[in-house]
Protein chains: 2
Amino acid sequence: MFIKNLPHKTVERLSQYRRALLLILSKEKTHVFSHEIAQMLHITPVQVRRDLMLIGYSGNLRKGYDIKELIDLIGKIIDSERGQRVAVVGLGNLGKAFISYFKGKRSKLSMIAAFDVNPEKINRVFDGVPCYHINQLPEIIKQNNISIGIITVPSEQAPEIAEALVLSGIKGILNYTPKPLNVPAYVYLEEYDMITSLEKVAFFAKKNDERFK
Amino acid sequence: MFIKNLPHKTVERLSQYRRALLLILSKEKTHVFSHEIAQMLHITPVQVRRDLMLIGYSGNLRKGYDIKELIDLIGKIIDSERGQRVAVVGLGNLGKAFISYFKGKRSKLSMIAAFDVNPEKINRVFDGVPCYHINQLPEIIKQNNISIGIITVPSEQAPEIAEALVLSGIKGILNYTPKPLNVPAYVYLEEYDMITSLEKVAFFAKKNDERFK
DNA sequence: TTTTTGTTGTGAAACTTTACACATGTCCAC
DNA sequence: GTGGACATGTGTAAAGTTTCACAACAAAAA
Ligand SMILES: NC(=O)c1ccc[n+]([C@@H]2O[C@H](COP(=O)([O-])OP(=O)(O)OC[C@H]3O[C@@H](n4cnc5c(N)ncnc54)[C@H](O)[C@@H]3O)[C@@H](O)[C@H]2O)c1
Ligand SMILES: NC(=O)c1ccc[n+]([C@@H]2O[C@H](COP(=O)([O-])OP(=O)(O)OC[C@H]3O[C@@H](n4cnc5c(N)ncnc54)[C@H](O)[C@@H]3O)[C@@H](O)[C@H]2O)c1
C-alpha cells in the first residue's frame with residue numbers, strides 16, 4: 001500500500017506504534033485507545049489519531065483501535081511487500097547488540113549477513129547471522145540482493161565501507177560511526193550518535209532542574 | 001552561559017557540530033566555513049549560520065568560523081559548568097558499546113559507574129568505569145551525585161530500574177529498551193530504538209528507489 | 001581604484017508538525 | 001428513550017523549523 005507524502009515524523013511514529021502494539025498484544029486485550037498508545041510513547045492522543053487518519057485507519061468509537069488490524073496495516077504501509085535484506089558491517093559490541101536485538105523481530109526485514117576482518121568472527125554464525133570476510137562484501141551483497149547496510153566498524157574505516165556498499169548497489173545506509181559519509185542522492189542515509197543523545201539529555205535535564213526548582 | 005529557548009533541534013545540532021569540529025581540529029586548519037560544516041552533517045549552510053546566530057557567535061567574513069572558539073562556545077552553552085555525572089545500568093553489548101565509545105570524549109560529562117547483576121562483571125572495571133551490583137545503585141547514585149542514567153538492561157527490568165533511578169534523584173534518563181517508561185515531569189526522558197531507525201531507512205530507501213528509477 | 005568573488009548575518013516567507021476545539025457517534029444508566 | 005460519559009475524526013490555528021533572498025562586507029583581481 002502506498003500513501004502520498006507521509007510525513008517523516010509519522011513514518012517514525014508508525015514504527016514506534018507497531019513496536020508498542022506488539023508489546024501489548026495478547027489474548028485478553030484486542031483493542032486499544034488513542035490515549036493508551038499516546039501514553040506509551042509520551043505523545044498526545046490527538047497526535048496518534050492524526051497519524052492514523054493519515055494512513056486511513058478508522059477505529060471503533062467505543063472500543064478504540066483493533067490492535068491486530070492496526071499492526072497489519074502499519075506493516076502494509078511501511079514494509080516493502082517483497083521484503084528487504086539487511087547486512088551489518090563490523091561485528092563488534094554495537095553490531096552484535098543490533099543483531100541480537102533484531103533477531104526474530106520483523107518478518108519483512110531479513111538480517112542476511114555480517115562482515116568483519118577479525119578471523120575469530122569470520123565463518124561463524126551469530127544469532128543466526130553468518131559472518132563473512134569484508135572482502136566478500138560486494139559478492140554477498142549482490143548475490144543476496146541486500147539493499148540496506150548498517151555500519152558499525154571503527155570510524156576510520158567507515159568511508160571506505162560506505163563506498164563499497166554503494167558500489168555494490170545498496171539503497172539505504174544506517175551509519176553509527178561519527179565519521180561524515182558522502183553517498184549519492186539515491187541512497188538514503190541515516191545517522192545516529194549516542195553521545196548526541198546523551199548531551200541532549202544532559203542539557204534538558206539541567207534545564208528542567210532549574211525550572212522545577 | 002544561558003540562552004533563552006534554544007530550539008530542541010538546535011541543541012541536537014550543536015552537539016553534532018562540536019563532534020564534527022573536534023574531528024577536523026588540527027594545526028593546519030583553524031577556521032571553517034558554514035558550508036563545510038553543513039556538508040559534514042548533510043544540512044544546509046543557512047541552517048548552520050542560523051544556529052550560530054542563535055547562540056550569538058559571529059564568524060570572520062573572509063575566513064569563516066574559528067574552530068577552537070566555536071567548540072568552546074558550544075561547550076559553554078550545552079555543557080553544565082559544574083559538570084554532570086552519568087551511570088550505565090546493564091553492562092551487556094549495548095552498555096559496553098556506550099562506555100567504550102564515550103571514553104575520553106567529554107570533559108564535562110563523567111561516566112562514573114555501571115551496574116549489573118552478573119557476578120562476572122561486578123567489582124571489575126570496564127574502560128575505566130567500575131561496575132557495581134544493582135543493589136548498590138541508590139547508594140552510589142546519591143554518594144556521587146549522579147544525575148543521568150542510561151538504561152541498557154533486558155527490557156523486562158527497565159521499569160523497575162527507571163523507578164530506582166528516579167527515587168535516587170536522577171534528573172535525566174536515556175532509555176534504550178523498547179519498554180515504555182513512566183517518569184515524573186521533572187525527569188527528562190529520551191528514548192532510542194535501532195529498529196525504528198532501520199525501518200525508517202528501509203521505508204525511505206524503498207521510496208527513493210522508486211523515485212530514482 | 002573599481003570590479004568581482006565569495007562569505008556572513010538576518011528579516012521574512014514557506015513549510016512542517018503539533019495542538020485546539022468541537023462535531024459526531026456509541027453505549028450505558030436511569 | 002433520554003442524557004451523560006467518553007471515544008473518534010478533522011478543520012483550522014498555532015508553534016516550531018527551515019529556507020529564501022539579499023544587504024553588508026572583506027579580500028583579491030583587474
Ligand atoms: N553512534 C553511536 O552511538 C556509537 C556508539 C558506540 C560506538 N560507535 C562507533 O561504532 C563503531 C563500532 O563500535 P563498537 O563498540 O562495536 O566497536 P568494536 O571495536 O567492538 O567493533 C568494531 C568491529 O569492526 C571490525 N572491523 C574493523 N575493521 C573492519 C573492516 N575494515 N571491515 C569490517 N569490519 C571491521 C572489528 O573487527 C570489530 O569487530 C566505532 O566506530 C564506534 O566509534 C558509535
Ligand atoms: N534501543 C535499541 O536500539 C536497542 C538495541 C539493542 C538492544 N536493545 C535492548 O537493550 C537491552 C540490552 O541489550 P544488550 O544487547 O546489551 O543485552 P545484553 O543481554 O548483552 O545485556 C544486558 C545486561 O543487563 C544485565 N542485567 C540483567 N538484569 C539486570 C538488572 N536487573 N540490573 C542490572 N543489570 C541487569 C545483564 O547481566 C547483562 O549484562 C535489551 O533490553 C535490548 O532489548 C535496544
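Just so we're on the same page: letters track the sequence lines, and every chain starts at 1.
- Contact annotation: B:Ser58 does not reach the phosphate of C:dT8 (side-chain N/O to OP1 or OP2, under 4.0 Å).
- Taking atom NE2 of residue B:His31 and atom P of nucleotide D:dA26, one finds them 15 Å apart after rounding to whole Å.
- In this structure, the side chain of B:Arg85 engages the main chain of B:Asn144 through a donor-acceptor pair within 3.5 Å.
- A donor N or O paired with an acceptor N or O is not found under 3.5 Å between the base of C:dT18 and the side-chain atoms of A:Arg50.
- The aromatic rings of A:His8 and B:Phe204 sit parallel, their planes meeting at an angle under 30°, below the 60° perpendicular limit.
- In this structure, of C:dT8, D:dC6, D:dT8, it is C:dT8 that holds the atom nearest to the side chain of B:Ser34.
- Listed nucleotides D:dA21, D:dA28, C:dT18 differ in distance to A:Arg13; the shortest reach to its side chain belongs to C:dT18.
- Here D:dA5 is the nucleotide among C:dT10, D:dA5, C:dT5 with the atom lying nearest to any side-chain atom of A:Arg62.
- Spacing between atom CG of B:Leu52 and atom P of C:dT8 amounts to 9 Å, rounded to whole angstrom units.
- Of all nucleotides listed (D:dT17, D:dT19, C:dA19), D:dT19 comes nearest to the side chain of B:Thr44.
- Mapped onto DNA chain C by nearest heavy atom, A:Gln47 and A:Leu61 fall at different nucleotides, with A:Gln47 at the one closer to the 5' end.
- If you check C:dA21, C:dT10, C:dT17 against the side chain of A:Val46, the one that comes closest is C:dA21.
- Here A:Thr10 lies out of heavy-atom contact (under 4.0 Å) with every strand.
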